[in-house]
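Take a look at the structure set out below.
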Amino acid sequence: MRNTVKLSLHIPDAPARPGEKPNFSYLQIPEAGSVRCPDVATSPAEMRDLAYDLIRVLDWDHRAVGPWNPRLAPETLRRVLKLMVIDRIFEDRMFRAQRQGKTSFYMRGLGEEAIAMAHAFAVTAKDMCFTSYRQQGLLIARGCPIIEMMNQVYSNAGDKQHGVQMPLHYSFPEYGYFAMSGNLATQVSQAVGWAMASAYRGGDKIAVAFVGDGATAEGDFHAGMLFASVYRAPVIISISNNQWAISMCQAIAGGEQTTFASRGLGVGLPALRVDGNDFLASYAAVQWAAERARSNLGATVIEFVTYRGHSHSTSDDPTRYRPADDYAAWPLGDPIDRLKRHLTALGEWSEDQHAAYEAKAAEEVRALQAQAENIGTLEAGKHPNPEVLFENVFEQPDWRHKLQRQELGV
Ligand SMILES: Cc1ncc(C[n+]2csc(CCOP(=O)(O)OP(=O)(O)O)c2C)c(N)n1
Ligand SMILES: [Mg+2]
């Protein structure tokens, strides 16, 4: 048999490149409130549609509508809004600190603040989050002292990890934040294993794995999901689909023909797809999955549709591969702006209050930064003892360690 056409390879491309108009026509956005909210005990087979839809609570007029509205008190929403403001200021200052030579590396989660916050409020600090680098808001929401986070970023003498980890690869298990693994998607196998252990011991804690759109292409993601399904591990697998994996558009990781949420369906897991820039919808989805896990019904996969508002990291220049105004044109807006408008529409917040709070928060973060810099930065001040580099690595020192120790003279 002869081929009817010449074979050619399909290589997905980004919808818009530098100099072109942003193009998000590939994104289908249903009306807020239009997606059904099944009972947490619903079998995955009976809710497959939710993996292809988009749960939204905040409508275009910034009102909360529909069955996923978590009906949180305005007081709680104000707290969330303030925490997101602090998170954004903190991350902005740390990014700029890298430009000033005070740290070697930094990554911002601009535009993804609501996702971290949704988990901070729907899952407790006794549960364990296996994060990537864009959920620093989780720590801020849980009361981790910001100065400790800054000390870690600066690798100064106050860094509780003694400078052995890359900046922002925090370890704060006391805040339900497991030592961050820089190897993408390992979060999934680790969180699933942790959740399996919790269930095996008859405990009551659940785990969360964070993974990016790009990292879902890793084997760990698929193997982890399979284990989670087979053993009904009490775990939430949260995918932040921020449209980019460094310079690779989400289509390259498999977002063109199907959704990232639908990856869960193949292994028999329930899957939700949610507007990740809508705090209310994101919170409701995590809350749903947490309740399911706590009811011993097993794991849930959630895709948060969002946009990476800043560069991938301090080593990246996004103007080389996407339109400069892409983020401004993102149809799901900005999570802080949307929650602010919602509270304002309720008469529970105002532009003036917001501006005053932003100024106060900026001052507080600036003062903490000065304190951290007083201890030291990458370039100046007090640093951890280099001897610590060689501790807690191998039980018996490795020959390379001995050699490196000699070289350092410690
Ligand atoms: C296993 C592995 N492969 C490659 C990298 C290098 N790397 C770091 S971040 C990144 C992009 C990840 O994109 P995504 O999963 O979409 O997360 P995002 O950065 O968008 O939050 C890559 C390739 C890594 N850290 N680990
Ligand atoms: Mg990504």
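Numbers for residues simply follow the sequence, beginning at 1. Read the numbers this way: they start at 1 and go in the same order the structure lists the ligands and their atoms. Only this structure's heavy atoms are used, side chains among them; waters, hydrogens and symmetry mates stay out.
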Using only atom types and a distance under 3.5 Å, with no angle test, would you say the side chain of Q152 pairs donor to acceptor with the backbone of G163? no

Atom 17 (O) of ligand 1: which protein heavy atom is closest, and how many Å away? Y133 OH, 3.4 Å

Which ligand 1 atoms, with their elements, are less than 4.0 angstrom from a heavy-atom of H312? 9 (S), 10 (C), 11 (C), 19 (O)

Below 3.5 angstrom, do we get any N/O pair linking S132 and ligand 1? no

Heavy-atom contact under 4.0 Å between S240 and ligand 1? no

Do L332 and R56 have side chains that get closer than 4.5 Å, going by heavy atoms? yes

ring-ring contact (aromatic ring centres under 6.0 Å, His included) partners for F390, two or more places apart: H401

Against D127, only a single residue in R294, K205, R142 fulfils salt bridge (Lys or Arg N to Asp or Glu O under 4.0 Å); can you say which? R294

Any atoms of ligand 1 less than 4.0 Å from a non-hydrogen atom of G214? List them with their elements. 14 (P), 15 (O), 16 (O)

Around M248, counting heavy atoms of other residues, nucleotides and ligands shown, do more than 12 lie under 6.0 Å from its CE? no

Taking the six-membered ring of Y154 (Phe, Tyr or Trp), confirm whether the NZ or CZ of K102 is under 6.0 Å from its centre and within 45° of its axis. no

Do S34 and E31 pair up side chain to side chain, a donor and an acceptor below 3.5 Å, judged on atom types alone? no

I need the protein N, O or S atoms closer than 2.8 Å to the Mg ion (ligand 2), given as residue plus atom name. D213 OD1, N242 OD1, W244 O

Quick one about Q28 and Y52 (side-chain donor to acceptor, distance below 3.5 Å, no hydrogens or angles considered), yes or no? no

Between S171 and Y177: side-chain donor-acceptor atoms closer than 3.5 Å: no

Any chance the rings of F210 and H119 have centres within less than 6.0 Å? yes

For ligand 1, note which part of E218 has a heavy atom under 4.0 Å away: side chain, backbone, both or neither. side chain

Could you identify the single nearest non-hydrogen protein atom to atom 15 (O) of ligand 1 and state the distance to 0.1 Å? A215 N, 2.8 Å

Under 4.0 Å, heavy-atom basis, I'd like to know which part of N242 is in contact with ligand 1: side chain, backbone, both or neither. side chain

Distance-only N or O hit between ligand 1 and D213, under 3.5 Å: yes

Going by atom types only, do Q243 and D213 share a side-chain donor-acceptor pair under 3.5 Å? no

So which heavy atom in the protein is nearest atom 7 (N) of ligand 1, and how far is it from that ligand atom? L184 CD1, 3.6 Å

So which heavy atom in the protein is nearest atom 25 (N) of ligand 1, and how far is it from that ligand atom? G182 O, 2.8 Å

What is the nearest protein non-hydrogen atom to atom 21 (O) of ligand 1, stated with its residue, atom name and distance? R134 NE, 2.8 Å

Who's the nearest protein heavy-atom neighbour of atom 11 (C) of ligand 1, and how far? I246 CG1, 3.6 Å

Backbone of A329 reached by a side-chain donor or acceptor of D326 within 3.5 Å: no

